[in-house]
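After the structure tokens below, expect a handful of questions from me.
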Amino acid sequence: MNLLFKNFVLAFALIFVAACSGNPAQVGDAMMDDDVMMGEEMEMGDAMMSDEGAGYDVLANSTEGEDQWASIEIIAADSAESASEFMTSNGFDRGRFDTNSSELYWVTQNALKAQARFLEENPDYNIVIEGHADERGTDEFNLALGERRANTAREYLVAQGVDPLRVEVVSFGEERPVETCSDESCWSQNRRFVTTIKTDDDGDEAEGDEGDVFDF
Amino acid sequence: MRNLFAIIALLAMIAGFFKPAQAETEIDITQGNVDPLPIAVALFEGSRDLQASYGKTLLQVIRGDLIRSGLFRGLKNSIFAEQKISFNKSPKFGIWRGFGTDILIVGEMKNITKRRLGISFRVWDIQARRQLLGLQITADKSNIRRAGHLIADAVYQRLTGEDGYFDTRIVYVEEKGPKDLRKKRLMIMDQDGARKEYLTDDSHIIITPRFSPTLQEITYVSFVSKRARVHLYNIEKKTHEIIAEFDSISFAPRYAPNGSTLVFSLAKGGRTNIYTMNLLTRKIKQLTDENSINTAPSYSPDGKYIAFESDRGGKQQIYVMRANGSRVRRISFSAGFYGTPVWSPRGDLIAFTKQYKGRFLIGVMRPDGSGERILTSGFHNEGPTWSPNGRVVIFYRETPGSKGGPSIWSVDLTGYNERRVQTGTFASDPAWSPKLGKGLPIK
């Protein structure tokens with residue numbers, strides 16, 4: 001029963017991610033390997049990147065089949081800040097990726113399921129999914145890769161029943177890392193998407209950008 | 001016996017003075033390992049005032065340009081400071097040979113008006129004992145450095161047969177602050193680092209500025225309300241605008257050689273494709289339509305082709321297509337990930353960034369993909385851009401770690417003369433302007 005469920009989800013994810021990344025062969029290899037799910041060492045063609053123990057902090061020990069957030073109570077937030085805080089403190093506001101990949105780990109899919117339930121419980125809030133990449137790549141490609149990652153998360157949410165109009169996708173490429181060291185322990189954390197609650201004056205670090213009119 | 005010896009020595013000395021003229025000095029810059037020519041640049045003659053205000057600057061600019069090119073090495077001024085140099089007389093070739101000089105540049109300055117300075121200069125070939133070049137120009141006193149660059153370009157052109165590249169500017173991104181919250185702003189400067197000017201403030205992330213071939217504009221990407229958008233900056237009016245309101249992120253902009261078409265990428269739905277926009281009509285055309293990432297487009301100098309980066313085959317490689325999007329061909333085939341292709345203004349080469357075995361390399365290849373050569377390799381090198389004469393590549397290099405950051409470097413086409421471009425701060429994403437003018441008329 002467990003095995004059937006596992007295969008079903010894997011198959012679902014396989015189809016889903018194959019549609020997104022456009023490279024079935026690569027996806028197939030990756031998805032079948034349980035070790036990849038847990039973020040362990042994976043060879044990627046010529047760029048050998050090891051991902052030792054750099055998986056999720058809280059969730060590295062979970063096994064697939066177990067949804068860490070399945071039983072948490074989703075609150076109805078009374079402000080954008082508390083909505084944000086709830087997602088972040090419960091750890092389902094983000095997901096990570098392998099090098100050059102936009103495939104969702106098992107644990108990321110669970111996180112997105114929690115996001116979907118959150119959005120259902122909080123119809124007044126919309127979200128912006130930011131895609132990021134680590135510094136090991138070129139500017140333009142990393143912007144595109146960040147978008148691809150954020151979009152993968154978005155499509156998973158839409159498949160969970162979230163209205164696509166509630167989900168905006170942006171990419172920061174390699175511009176906003178969370179960790180700044182130059183090895184895999186930091187890079188793996190930077191390869192991520194982060195879901196944020198959309199606010200009216202959504203700007204990057206600046207105060208209030210109003211659309212496309214700005215002065216320098 | 002001693003007398004005979006003395007006579008032979010005397011005869012030899014006399015013979016030395018009447019040696020036949022040697023072949024004119026020429027520099028071939030296509031070969032590697034060029035042995036830099038010793039060059040002496042004299043302080044141009046003129047009144048004490050003129051020498052103090054302009055002579056020193058001209059000397060510094062001309063000497064700096066020529067030595068930084070890697071083709072020349074300078075002689076210490078102290079070696080020949082005592083020499084009396086007269087602009088209107090040929091130099092004492094024997095003495096200059098004795099100093100080890102191959103090329104000597106002399107000049108004189110005259111006040112023309114309050115604003116204008118007359119500069120005359122001569123380039124002497126010490127080995128061949130003749131003048132290679134002599135010109136008279138009128139310069140704006142408010143920008144004497146430019147006159148120096150024009151003179152350096154003329155010298156470079158006369159000696160190599162190639163167009164010079166000193167009368168140019170470089171636009172780049174200045175970076176400050178911690179690595180996880182970098183403050184970026186657009187900066188422009190002369191190619192030798194002088195006359196730096198901010199073009200934006202640091203309130204938005206800015207990346208990848210590029211010059212228009214007509215010089216009036218710069219295109220760049222700025223993150224406004226978290227979304228990357230392609231912008232245009234009008235250099236004269238100092239105004240900024242976005243090219244269009246897209247409901248997706250836009251980035252990787254470059255100009256077509258005609259200056260009125262912009263090529264760029266739009267990323268939506270996990271797919272990134274290449275588009276062009278006619279800047280006059282604002283009409284947009286889609287050139288690629290793939291379920292993959294297609295970005296970093298760059299036109300060939302004749303405007304007929306576009307090189308770009310795509311992972312449609314599984315990992316990032318370089319492709320070339322016709323400017324209308326047809327006839328896509330892959331041109332990179334070696335092991336590694338290839339990106340940021342940039343076509344040389346000469347049309348003969350495409351520079352690129354390559355990732356291989358954990359390192360970043362800057363290299364060049366012919367437009368058919370053959371003849372791949374690596375110019376530099378290290379922890380992180382990226383974003384090559386060409387000088388307008390297609391002889392020098394500048395790029396940026398990052399140092400690792402939390403305290404690490406980017407700086408701008410240049411390297412010759414031959415892979416030699418790798419140098420840091422001084423910016424005083426972390427700096428990235430350099431782009432070279434076309435020449436600011438036609439240059440001085442030399443035969």
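Convention: sequence-line order gives letters A, B, ...; per-chain numbering from 1.
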*With a 4.5 angstrom heavy-atom cut-off, which part of B/Thr272 approaches chain A: side chain, backbone, both or neither?*
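Looking at B/Thr272, just its side chain touches chain A.
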*Where do B/Ser332 and B/Phe352 land on the side-chain contact (heavy atoms from CB on, under 4.5 Å) test, with the steps shown first?*
CA-CA 10 Å; B/Ser332 62; B/Phe352 56 84; over 6 Å; no
*Side chain from CB out, backbone as N, CA, C, O: work out which of these in B/Ile207 comes under 4.5 Å of a heavy atom of chain A, or both, or neither.*
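Just the side chain, heavy atoms under 4.5 Å.
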_Would you say B/Thr239 and B/Asn234 are linked by a side-chain donor-acceptor pair, where the criterion is simply a distance under 3.5 Å?_
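Side chains of B/Asn234 and B/Thr239: no pair found under 3.5 Å.
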*Name the option with the most non-hydrogen atom pairs under 4.5 Å to chain B; the candidates are A/Pro177, A/Cys181, A/Cys186.*
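Answer, by heavy-atom pair count under 4.5 Å with chain B: A/Pro177.
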*Donor-acceptor pair between B/Arg397 and B/Thr376 side chains, under 3.5 angstrom*: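 Yes, B/Thr376 and B/Arg397 have a side-chain donor paired with an acceptor closer than 3.5 Å.
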*Would you check if the distance from the ring center of B/Phe246 to the ring center of B/Tyr275 is below 6.0 Å?*
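No, they do not, as the ring centres are separated by 6.0 Å or more.
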*Between B/Lys184 and chain A, which part of the residue has a heavy atom less than 4.5 Å away: side chain, backbone, both or neither?*
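Side chain of B/Lys184 only, per the 4.5 Å heavy-atom cut-off to chain A.
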*So which part of A/Glu179 gets closer than 4.5 Å to some heavy atom of chain B, the side chain, the backbone, both or neither?*
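Neither the backbone nor the side chain of A/Glu179 comes within 4.5 Å of chain B.
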_Contact origin within B/Phe360 toward chain A - heavy atom pairs under 4.5 Å_ =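 Looking at B/Phe360, just its side chain touches chain A.
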_Residue that, paired with A/Asp134, satisfies salt bridge (charged side-chain N to carboxylate O under 4.0 Å, His left out) out of A/Arg149, A/Arg191, A/Arg176, A/Arg96_ =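 The option that passes is A/Arg191.
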*Side chains of B/Ser377 and B/Arg359: donor-acceptor distance under 3.5 Å anywhere?*
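A donor-acceptor contact under 3.5 Å links the two side chains.
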_B/Asp429 portion near chain A, given a 4.5 angstrom heavy-atom threshold_ =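 Just its side chain gets close to chain A.
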*For chain A, which of B/Gly383, B/Pro400, B/Ser265 has the most heavy-atom pairs under 4.5 Å?*
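Looking at each option in turn, the highest pair count goes to B/Pro400.
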*Would B/Thr423 and B/Glu174 count as having a side-chain donor-acceptor pair, cut-off 3.5 Å?*
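No, because no side-chain N or O of B/Thr423 sits under 3.5 Å from a partner of the opposite role on B/Glu174.
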*At a heavy-atom separation under 4.5 Å, does B/Thr295 approach chain A through its side chain, its backbone, both, or neither?*
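Only the side chain of B/Thr295 comes within 4.5 Å of chain A.
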*Options B/Gly339, B/Ala296, B/Ser428, B/Gly404, ranked by heavy-atom pairs under 4.5 Å with chain A, top entry*: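 Among B/Gly339, B/Ala296, B/Ser428, B/Gly404, the one with the most close pairs to chain A is B/Ala296.
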*asked:* I'd like to know whether the aromatic ring centres of B/Phe223 and B/His204 sit less than 6.0 Å apart in this structure.
replied: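 Judged by ring-centre distance (under 6.0 Å), B/Phe223 and B/His204 do not meet the cut-off.
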_Report which part of B/Tyr396 has an atom under 4.5 Å of a heavy atom belonging to chain A: side chain, backbone, both, or neither._
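For B/Tyr396, the contact with chain A is made by the side chain alone.
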